[in-house]
Amino acid sequence: MGRGGGNAWIGPDPGQASGTADSAWLYDINVFEPFRRRGYGSAILAAAEELVAHEGRTALALDVVGGNEAAIAMYRHSGYEVSSMSMRKNL
């Protein structure tokens with residue numbers, strides 16, 4: 001999605017193997033260092049959602065690393081909710 005302040009990688013939802021899946025998957029979203037904390041992440045996310053909706057998809061899903069508080073806050077602010085959770089303990 002363009003070059004400006006960042007980019008996004010969107011594709012089929014890996015949880016829906018059929019070609020008629022109604023959701024897309026946000027594999028990656030990047031905001032380049034000089035543009036962080038200035039609203040670019042939210043703008044890229046909104047553009048991704050608009051693109052996915054324009055393609056007839058009804059949902060956009062993603063994974064986020066548990067310790068990435070800034071990303072979690074951005075997704076929550078944009079209306080995303082936890083739909084599953086993995087946990088891990090290093091031994």
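We number each residue from 1, following the sequence as shown.
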**OP:** Supply the atom-to-atom distance Trp25 CH2 to Leu60 CG, rounded to the nearest 0.5 angstrom.
**Re:** 9.0 Å
**OP:** Without swapping roles, check the side chain of Tyr27 against the backbone of Pro12 for a donor-acceptor pair under 3.5 Å.
**Re:** yes
**OP:** Quick one: pull up CD1 in Ile29 and OH in Tyr40 and give me the separation to the nearest 0.5 Å.
**Re:** 13.5 Å
Original post:
CE of Met74 to CZ of Arg37: how many Å apart, nearest 0.5 Å?
Top reply: 10.5 Å
Original post:
Residues two or more places apart in sequence or in another chain: which of them pass salt bridge (Lys or Arg N to Asp or Glu O under 4.0 Å) with Glu50?
Top reply: none
**OP:** Using side chain to side chain contact (heavy atoms under 4.5 Å, CB included) as the criterion, point out the one residue from Val64, Leu45, Asp13, Ile44 that pairs with Leu26.
**Re:** Leu45
Original post:
Which heavy atom of Ile10 sits nearest a heavy atom of Ala24, and at what distance?
Top reply: CG2-CB, 4.1 Å
**OP:** For Arg36, look at atom CZ and say whether over 12 heavy atoms of other residues, nucleotides or ligands are found less than 6.0 Å away.
**Re:** yes
Original post:
Got Phe32 and Asn7 here, is their nearest side-chain heavy-atom distance under 4.5 Å?
Top reply: yes
Original post:
About how many Å separate OG of Ser84 and CG of Asp63, when rounded to the nearest 0.5 Å?
Top reply: 7.0 Å
**OP:** Indicate yes or no: at least one non-hydrogen side-chain atom of Asn30 is less than 4.5 angstrom from one of Trp9.
**Re:** no
